Amino acid sequence: MRVDVVSIFPDYLSVLDLSLVGKARQRGLLDLRVHDLRDWTADRHRTVDDTPFGGGAGMVMRPDVWGLAIDEVLEPGGQLVVPTPSGEVFTQRHAEELASAGQLVFACGRYEGIDARVAEHYRAAGVTVRELSIGDYVLNGGEVASLVMIEAVARLVPGMVGNPESLVEESHGAAGLLEYPVYTKPPSWAGLDIPDVLLSGHHARIARWRRDRALERTARRRPDMIAALDPADLDKHDVALLAELGWVPGDDGGLVRA
Ligand code: JD8
């Protein structure tokens, strides 16, 4: 997979040299390239912004500079990702979709954002343009959001994570549940002991205990995810526990609060 990031603060992305993504680059699993937007300016002040049409505070990033940069970096079939607080909220589903792309180009905005014609122009040119937000809070630019999305996507690239199995049971994975609590040595710490079942070696009981904890945690912290569960994916133990937690099958097949 090729990933390009265009920013006026390219050093912001240098953390991608570390850890999993860094190793993936060394192993040739990820072709990550970071570009300085100012390299596509022509004036001696390397200007990338100007005042907003219609007035208002702050500055807006110029479409012409972005156009030159994206035209040079974007390959045929590549997807343009524009982090923005006004975008669709990024989820694991988006990460899975983006992980199958040949190339992703992240356009990191700053100031009040990028002139809206940039996304419009590339959409009109048939490019897949994703305006995505990483959450309902305001950042100062697109770099941090790009880092979040690149890590979420990169770890799904085949060969990236040592044991692909571990991807299955994760929060927001196929099960649609949050993760169960995890423990390791020492078996007793700060007066807290490990749940006995985890020391039993009884894999079926362990698996049941973990699923129950995942259901409980999800019902408590993310009831929206319980409502989104497909009852067809639930066994009788699940249904019984969810009923105890106040969730019953509704008329439309989904789970509803009792
Ligand atoms: C891109 C400029 C700053 C945003 C005026 C503050 C994503 N979840 C998210 N929160 N914020 C962003 C984000 C913020 C950005 C840019 C993404 C480019 N800004 C602007 C509008 C208000 N300043 C984001 N993904």
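Being a predicted model, the structure only gives us computed values, none of them experimental. Both ligands and their constituent atoms are indexed starting at 1 by order of listing. In this chain, residues are counted from 1 in sequence order.
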Which protein N or O atoms sit under 3.5 Å from any N or O of ligand 1? Give each pair with its distance.
from	atom 1	to	atom 2	distance (Å)
ligand 1	8 (N)	Ser133	OG	3.1
ligand 1	8 (N)	Ile134	N	3.4
ligand 1	8 (N)	Gly135	N	3.4
ligand 1	8 (N)	Gly135	O	2.9
ligand 1	10 (N)	Tyr137	O	2.6
ligand 1	10 (N)	Leu139	N	3.3
ligand 1	11 (N)	Leu139	N	2.9
ligand 1	23 (N)	Tyr111	O	3.4
ligand 1	25 (N)	Thr84	N	3.4
ligand 1	25 (N)	Leu132	O	3.3

Taking the side chain as everything from C-beta on, heavy atoms only, tell me whether His237 gets closer than 4.5 Å to Arg208.
yes
Got a sec: does the CG of Asp230 have more than 12 other heavy atoms crowding it under 6.0 Å?
yes
Is Arg211 salt-bridged to Glu216, going by a charged N under 4.0 Å from an acidic O?
no
Does one side chain, of His35 or Glu72, offer a donor that lies under 3.5 Å from an acceptor on the other?
no
Under 3.5 Å: donor-acceptor pair, side chain of Arg25, backbone of Leu32:
yes
Under 4.5 Å between side-chain heavy atoms, counting indirect links through other Ile/Leu/Val/Met/Phe/Trp/Tyr residues: same cluster for Phe9 and Leu18 or not?
yes
